[in-house]
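The next block holds one structure in the form of structure tokens; read it before the comments.
All chains are named by letter (A, B, ...) in the order of the sequence lines, taking the proteins before the strands, and each is independently numbered beginning at 1.
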Amino acid sequence: MDERQTPFDAAIWAVVNAIPRGQVMAYGEVARAAGFPRHARMVSKAMSRSPEPLPWHRVVRADRSLAFEVGSDAFDTQRQRLADEGVTMLNGKVIAERPTDDLDALIWGPE
DNA sequence: CCCTTGACTATCT
DNA sequence: GAGATAGCCAAGG
């Protein structure tokens, strides 16, 4: 194999995997939680590079809209997957709760 | 090395 | 509150 995952990738994957079902996080929040503030744009790349499926549909924009073009396959897929988790959308924006501070403990450890 | 691109965000109008 | 602008940062041509 040939994938070299950077510490960045691993951190991002860990955070995304830690997002509870039915909840969403913004790209910037994921980056920050992973320890890489201002790397919101890199989060998408890291997720694309993931060797195994990731709950990427739980990652949305800061304003709670989806990052894909409306009508695109990716957009529809994300909306459908969210719907399966009980998350619906209103006026183009996701209606879901944000992970509480418990997520930080989950990622950074009980410490 | 310069320039463009991108699953972003904060700020201003 | 929607559109425009600037900032941000890594990757690729």
Rounded to whole Å, please give me the gap between [atom1] in [X] and [atom2] in [N].
| X | N | atom1 | atom2 | answer |
| --- | --- | --- | --- | --- |
| Met42(A) | dC8(B) | CE | P | 10 Å |
| Trp56(A) | dG6(B) | CH2 | P | 18 Å |
| Arg49(A) | dA7(B) | CZ | C1' | 13 Å |

What residues 60-85 of chain A contributes to the DNA chain B interface at heavy-atom separation below 4.0 Å is Arg61(A), Ala62(A), Ala67(A), Phe68(A)

Anything under 4.0 Å to a heavy atom of chain A counts; send over the first and last such nucleotide of DNA chain C, read 5' to 3'.
dG7(C) to dA10(C)

I'd like a table of donor-acceptor pairs (distance under 3.5 Å, sequence neighbours excluded) in which one partner is a side-chain atom from residues 17-28 of chain A, with atom names and distances.
| from | atom 1 | to | atom 2 | distance (Å) |
| --- | --- | --- | --- | --- |
| Asn17(A) | ND2 | Trp13(A) | O | 3.1 |
| Arg21(A) | NH2 | Asp84(A) | O | 3.3 |

Using the C1' atom in both, what is the distance from dC1(B) to dG13(C), to the nearest Å?
12 Å

Say we look at dG7(C) and dA7(B): how far apart would their P atoms be, to the nearest angstrom?
22 Å

Of all residues at least two apart in sequence or in a different chain, which pass the side chain to side chain donor-acceptor pair (under 3.5 Å) check with Arg81(A)?
His57(A)

So the side chain to side chain donor-acceptor pair (under 3.5 Å) pairs with at least one residue in residues 67-76 of chain A (sequence neighbours excluded) are Asp76(A)-Arg79(A)

Tell me the closest heavy-atom pair linking Arg61(A) and Leu66(A), and the distance in Å.
NH1-O, 3.5 Å

Working to the nearest 0.5 angstrom, can you tell me the gap between Arg64(A) CZ and Ile95(A) CD1?
11.0 Å

Both Lys93(A) and Lys45(A) contact DNA chain C. Taking the nearest nucleotide for each, which residue is further toward the 5' end?
Lys93(A)

Please tabulate, one pair per line, all N/O donor-acceptor pairs under 3.5 Å involving side-chain atoms of residues 33-48 of chain A, not counting sequence neighbours.
| from | atom 1 | to | atom 2 | distance (Å) |
| --- | --- | --- | --- | --- |
| Ser44(A) | OG | Arg41(A) | O | 2.9 |
| Ser48(A) | OG | Ser44(A) | O | 3.0 |

Applying a 4.0 Å non-hydrogen cut-off, can you work out what Arg41(A) is touching in the nucleic acid: base, sugar-phosphate, or nothing?
base

Partners of Asn91(A) by side chain to side chain contact (heavy atoms under 4.5 Å, CB included), sequence neighbours excluded?
none

Would a 4.5 Å heavy-atom cut-off, applied to side chains only, mark Ile12(A) and Leu54(A) as touching?
no

